[in-house]
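Inspection log for the structure reproduced underneath, given as structure tokens.
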Amino acid sequence: MKTLKIRDLTLRDGQQSAFATRMTQAQIDRVLPFYKDAKFYAMEVWGGAVPDSVMRYLGESPWDRLEKIKAAVGDVSKLTALSRGRNLFGYSPYTDEIIKGFCRLSIQSGLDIMRIFDALNDVDNIRSTVKYVKEFGGIADCAVCYTVDPKYPPLSFWDKLRGKKNPAPVFTDAYFLDKAKQMSDLGADMITIKDMSGLIPPKRVYGLVKLFKQNLPQPIDFHTHCTPGYGLASVLSAIVAGADVVDTNIWNFAGGPAAPAVELIYIFCKKLGIEIGVDMAAVAKINAELLNIRKELEAYDAVKQIPVPFNPLVDQLPAEIDATFDRAIQAAQNQDEEALLEACHQIEAHFGFPKPNLLVQKAEIPGGMYTNMVAQLKQLKNEEILPQAMELIPRVRLDAGLPPLVTPTSQIVGAQAVNCAIDLKNGKPMYTNKSVQFVNLVKGEYGHTPVKVNPEFRLQIAGTREEVPYDTSKYQMQPNPVLEQCGGVKLAANEKEELLLELFPLVAKDFLTKTKCDAYAAQQAEEAAKKAAEQKEEEVAVEPITGPTVNAPLPGKILEFLVKPGDKVALHQDVVVLEAMKMENNIPSDYAGTVKRLLVKEGENVPVDAPLVELE
């Protein structure tokens with residue numbers, strides 16, 4: 001009998017896609033005994049947004065989460081995490097020393113498989129992680145990020161007459177195979193086709209899986225999402241094409257922005273005579289508890305549409321739906337994409353899974369990128385420029401070297417398209433406002449882009465014609481101060497905590513500080529609150545503003561002032577760094593003068609047009 005391995009994403013990608021990564025350790029503990037019985041090939045439980053989110057929102061330790069899951073599941077299922085290569089779980093390139101220590105401690109804490117990708121598909125950026133994962137006994141799962149070429153505006157008659165042409169396609173099957181071969185040569189133990197946006201249609205994935213199987217010795221895994229409506233059909237196509245592993249979620253955490261349900265894949269495989277090696281009775285027990293957890297997470301539910309209860313072991317399919325499963329299989333085998341999608345959509349509709357997001361499907365951008373842009377424009381009260389921002393994405397992306405639309409490049413391109421639309425609305429040239437991350441992307445600090453950036457554009461944006469890679473030799477470790485207020489202990493007490501500080505400086509600092517102070521004494525918190533109240537009473541009224549001011553062009557958080565009272569400021573000199581839309585923006589002064597005073601504090605959130613610096 002043919003076999004297919006299942007990687008369950010429920011406890012990482014599933015909850016991240018649908019519930020903002022808000023599952024607590026206590027909620028996870030409730031399903032772990034059933035997971036041990038379920039015997040999935042692998043369980044994705046770490047990486048992605050989990051380490052950041054459990055500290056930021058739940059006040060929990062990422063290392064504890066990994067170790068507790070390992071203790072409960074043992075070696076029954078391989079534990080897997082998602083890593084951004086040289087960026088690990090953060091957004092900055094790290095030194096080999098940090099990557100080595102992180103891989104060693106992750107594997108010691110229970111990790112078996114590290115899925116490693118790079119946002120630019122720059123294989124050089126995953127080299128170190130592959131090396132150290134393998135060195136410490138882990139499995140290196142190298143992921144090729146699937147993306148599509150932009151939909152360029154149609155050429156006018158005059159454009160064609162002048163011989164103008166839109167750029168030739170870059171993201172061909174040959175491109176993806178070449179990346180996979182490079183990863184294979186690095187020593188990858190398995191290769192994943194990572195469709196993080198759910199944009200790969202069934203026929204395309206069928207061809208890619210066949211191509212990879214013919215040319216690569218490693219097992220092939222397929223990962224996708226259901227947002228635009230391809231997910232279930234594409235996973236079935238991958239199975240029919242011979243994929244070795246597919247990624248799924250459990251019923252109540254499946255569909256919509258997440259991956260397809262394992263219960264539906266089980267039915268398809270049963271009909272195809274394929275053994276998945278999963279105990280579906282144990283999966284049903286997990287699913288029952290996931291329904292309770294989903295209700296507890298209602299405030300974070302991105303879909304708010306719970307599928308119809310179903311257990312494939314005990315619930316009989318209606319004859320019409322059973323026949324629809326058969327039609328889907330036949331269509332997949334015949335590569336009849338239209339019939340396959342129609343059948344899979346009927347199956348999903350019958351069980352109450354979300355409908356395809358046709359906006360995302362048509363725009364061919366990740367659902368998260370689209371919703372981020374909408375949220376940013378709502379925050380800026382500029383919703384009306386969304387169509388123009390969407391139209392600018394192909395140009396911004398091509399200008400920046402055609403990066404794949406995956407975290408973090410999707411956010412960088414989306415935020416910059418919004419900035420450019422605002423520039424045009426205000427009668428300014430595009431790229432008047434640009435994030436620090438966009439500048440670094442164009443400069444070359446994130447790695448080699450699929451298409452070379454025009455040197456003149458790089459000069460305009462980053463001040464250099466030549467590509468300048470990130471220099472890790474200048475990397476400085478985060479400070480690890482003694483917390484006098486917490487009994488004189490170090491902020492990071494061991495190597496694991498030091499690594500958290502490196503990967504998530506602000507979040508880990510807050511988390512570790514709180515952890516140490518809570519452990520020191522409860523009365524310290526009371527004393528701090530009392531002191532803060534006294535200080536608030538002593539605050540004096542701020543004198544009125546009389547001089548010209550530098551104002552916030554966007555709402556955001558003050559990261560750093562670049563000047564202090566008494567400093568001379570030239571016209572257009574950068575005076576403050578503002579974090580807005582998850583990007584760092586250098587704010588210049590529209591006036592020359594002397595800094596009279598700083599009107600807000602570092603770390604403070606400010607609205608649009610808030611005065612930041614007063615000059616005289």
Rounded to the nearest 0.5 Å, how far apart are [atom1] of [X] and [atom2] of [Y]?
X: D247; Y: D13; atom1: CG; atom2: CG; value: 8.0 Å
X: L232; Y: L340; atom1: CG; atom2: CG; value: 8.0 Å
X: I113; Y: S106; atom1: CD1; atom2: OG; value: 13.5 Å
X: R30; Y: L290; atom1: CZ; atom2: CG; value: 9.5 Å
X: E342; Y: E337; atom1: CD; atom2: CD; value: 13.0 Å

Any idea how Y35 and F40 line up, ring-wise: parallel (<30°), tilted (30 to 60°), or perpendicular (>60°)?
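Ring orientation, 0 to 90° scale: tilted.
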[X] side chain to [Y] side chain, donor-acceptor N/O pair below 3.5 angstrom:
X: Q25; Y: D29; value: yes
X: D8; Y: Y41; value: no
X: K496; Y: S61; value: no
X: N87; Y: Y446; value: no
X: N357; Y: T227; value: no
X: T3; Y: E275; value: no

If I compare all heavy atoms of [X] with all of [Y], which pair ends up nearest, and what's the gap?
X: S237; Y: A332; answer: OG-CB, 4.4 Å
X: P450; Y: P403; answer: CD-CA, 4.1 Å
X: P260; Y: C226; answer: N-SG, 3.5 Å
X: D112; Y: S77; answer: OD2-O, 4.1 Å
X: N249; Y: A258; answer: ND2-CB, 3.1 Å
X: D244; Y: P219; answer: OD2-CA, 3.3 Å

Has [X] got more than 12 heavy atoms of other residues, nucleotides or ligands less than 6.0 Å from its [atom1]?
X: K213; atom1: NZ; answer: yes
X: Y175; atom1: OH; answer: yes
X: E384; atom1: CD; answer: yes
X: K362; atom1: NZ; answer: no

Before accepting this row, confirm whether a basic side-chain N of the pair [X]/[Y] lies closer than 4.0 Å to the acidic partner's carboxylate O.
X: D326; Y: K271; answer: yes
X: R86; Y: D122; answer: no
X: D141; Y: R115; answer: yes

Which pairs count as ring-ring contact (aromatic ring centres under 6.0 Å, His included) when at least one residue sits in residues 201-223, sequence neighbours excluded?
H223-H225
If a pair satisfies ring-ring contact (aromatic ring centres under 6.0 Å, His included) and one of its residues is in residues 257-297, list it, with sequence neighbours excluded.
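Counting only pairs at least two positions apart or across chains, the ring-ring contact (aromatic ring centres under 6.0 Å, His included) contacts touching residues 257-297 are F268-F325.
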Residues T21, Q15; criterion side-chain hydrogen bond (donor to acceptor under 3.5 Å, both in side chains); working and verdict
CA-CA 5 Å; T21 327; Q15 63 138 335; 5.1 Å; no
Does [Y] offer a backbone N or O that forms a donor-acceptor pair with the side chain of [X] under 3.5 Å?
X: S410; Y: L405; result: no
X: D315; Y: N311; result: yes
X: W251; Y: L291; result: no
X: Q218; Y: A188; result: yes
X: K78; Y: M43; result: no
X: T248; Y: A261; result: no
X: N252; Y: N287; result: yes
X: T10; Y: I250; result: yes
X: E289; Y: I286; result: no
X: N334; Y: Q330; result: yes

Taking salt bridge (Lys or Arg N to Asp or Glu O under 4.0 Å) as the cut-off, I'd like each qualifying pair that reaches into residues 192-208, sequence neighbours left out, listed once.
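Salt bridge (Lys or Arg N to Asp or Glu O under 4.0 Å) check on residues 192-208 returns D173-R204.
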The criterion is salt bridge (charged side-chain N to carboxylate O under 4.0 Å, His left out); which residues satisfy it with R327, sequence neighbours excluded?
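Salt bridge (charged side-chain N to carboxylate O under 4.0 Å, His left out) check on R327 returns nothing, list empty.
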Sorted by chain and number, sequence neighbours left out, salt bridge (charged side-chain N to carboxylate O under 4.0 Å, His left out) with D75 holds for K70
Once side chain to side chain donor-acceptor pair (under 3.5 Å) is applied, do any residues pair with [X], and if so which ones, sequence neighbours excluded?
X: N215; answer: none
X: D189; answer: K134
X: T147; answer: R397
X: T80; answer: R7

In the structure I gave you, are the side-chain heavy atoms of [X] and [Y] within less than 4.5 Å of one another anywhere?
X: I393; Y: P150; answer: no
X: V507; Y: L500; answer: no
X: T324; Y: H350; answer: no

Of all residues at least two apart in sequence or in a different chain, which pass the side-chain contact (heavy atoms from CB on, under 4.5 Å) check with [X]?
X: D149; result: P169, V170, F171, L402
X: K285; result: F34
X: I274; result: K2, L4, I239, C269, L272

Please determine which of R22, R294, K295 meets the salt bridge (Lys or Arg N to Asp or Glu O under 4.0 Å) test together with D301.
R294
Hey, which of R12, E60, E44 is the one that makes side chain to side chain contact (heavy atoms under 4.5 Å, CB included) with V50?
R12
Do F19 and F253 have ring centroids that are under 6.0 Å from one another?
yes
